[in-house]
Number of protein chains: 2
Amino acid sequence: MLEEGYAAVTSRRLAGKAGLKPQLVHYYFRTMDDLFLAVYRRRAEENLERNARALASAQSLRELWLLGSDPRGAVFTVEFVALANHRKAIRKDIARHARHFRKMQLDAVARLLRRLGISNDTCPPVVAVLAMIGLSQVLLLENALGITTGHDKTVAFVKRYLGQLDDRMRSSPGFGILAPRR
Amino acid sequence: MLEEGYAAVTSRRLAGKAGLKPQLVHYYFRTMDDLFLAVYRRRAEENLERNARALASAQSLRELWLLGSDPRGAVFTVEFVALANHRKAIRKDIARHARHFRKMQLDAVARLLRRLGISNDTCPPVVAVLAMIGLSQVLLLENALGITTGHDKTVAFVKRYLGQLDDRMRSSPGFGILAPRR
DNA sequence: GTCTATATAATGATAGAC
DNA sequence: GTCTATCATTATATAGAC
């Protein structure tokens, strides 16, 4: 799926990779949609856990950025969004997970910005979250196409910026209460 | 393609919509890949023209933002990136166009930030461009999935922010030389 | 330019033997 | 749980009549 797109995932090729017969795919998952959903759910759960760990760390913002910059993640997302574009059952699942995910990030970033004294007027938490996600996704998408103009510069800028915020965060009064230094 | 994904675009369905026989698709385009490329090229050219007009306007940033916020554009991009993910000929074409497009945006935004007195340390042009693209893409993608939490707030924030920059730009000395007020 | 006819190959899915 | 056998469907693409 990551290498050749979801359309390349067929019961036959899949079984071939497992050294088994195509019919077993249907035995285990019934339909191909069920298979795709199973893949998505497993990955979604892993993703939630990794995110929770990142948010609890002493460098939340940098960790969040790194998570969003996993190349497999971006291709995975594109493929499933494309898949969701014409399979109702899959779209529903993705939407539900994405909402859960978003809420979690949003709560954490809002708490963080408040503690840093960054007001809603300066930058609403939701803008910060969406900008971070958007930026990392665009970088990954372009990379997949072989376009990298200015990417290094952008990554360096973002990391420096987020690192400074994380530093201010760690040295803010009462930091240890919420997220103890490791 | 926009409604059901690229996999749903078959010679049969296409011919059906045109009230013709599937074989005519091959008569005109030979292969389905050639067809997809023709669609992409037409759209890409329109896109370049619209962008050039936006960059020449008196509210470049807002116009750029609006262009990036066209819902059809985002779905179109996702579908073609997914398509490019497993068709070499198509990937090459997308990459070439994207590079051209990026250079155009980058030159214009760089000139604009310089004129506004925003230094490279404050915000490198490429970061501004990628952040704008990323943010609008994420909004559109989520929208397509039915997720809209905080979107209104984000759009309002961005428009207000870009509007202020455009205002400063218009009132900067010598503005009329580069982009005459309409 | 548009059609009929056809070659060829892949797909998802089920039934039933072992 | 894994296999063989099989079906119905769909796809891309070409050849040739008109």
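Per chain, numbering begins at 1; letters A, B, ... match sequence-line order.
- Taking B/Lys92 as the reference, nothing meets the salt bridge (charged side-chain N to carboxylate O under 4.0 Å, His left out) condition, with sequence neighbours excluded.
- Annotation: of the two residues near DNA chain D, B/Ala7 and A/Gly19, the 5′-most nearest-nucleotide partner is A/Gly19.
- A cation-pi geometry, defined here as NZ or CZ lying under 6.0 Å from the six-membered ring centre and within 45° of its normal, does not hold between B/Arg87 and B/Phe36.
- The stretch residues 25-37 of chain A comes close to DNA chain D through A/Tyr27, A/Tyr28, each having a heavy atom under 4.0 Å from the strand.
- Other residues, nucleotides and ligands place more than 12 heavy atoms under 6.0 Å from the CZ atom of A/Phe101.
- In the displayed structure, B/Glu46 atom CD is contacted under 6.0 Å by more than 12 heavy atoms of other residues, nucleotides or ligands.
- Residues B/Leu113 and B/Cys123 come closest through the heavy atom pair CD1-O, 3.7 Å.
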Checklist entry - Taking protein heavy atoms under 4.0 Å as touching, what does nucleotides 4-10 of chain D look like 5' to 3' if B marks base contact, S marks sugar-phosphate-only contact and - marks none? => result BB-----

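- Taking 4.0 Å as the cut-off between side-chain N and carboxylate O, B/Asp107 and B/Arg111 do not count as a salt-bridged pair.
- Taking atom CZ on A/Arg87 and atom C1' on C/dG12, their separation rounds to 10 Å, with Å as the unit.
- Counting heavy-atom neighbours within 6.0 Å of A/Phe157 CZ, excluding the residue itself, gives a total above 12.
- C/dA10 atom P lies 14 Å from atom CD of A/Glu4, rounded to whole Å.
- Using cut-offs of 30° and 60° on the angle between ring planes, the pair A/Phe80 and A/Phe76 is tilted.
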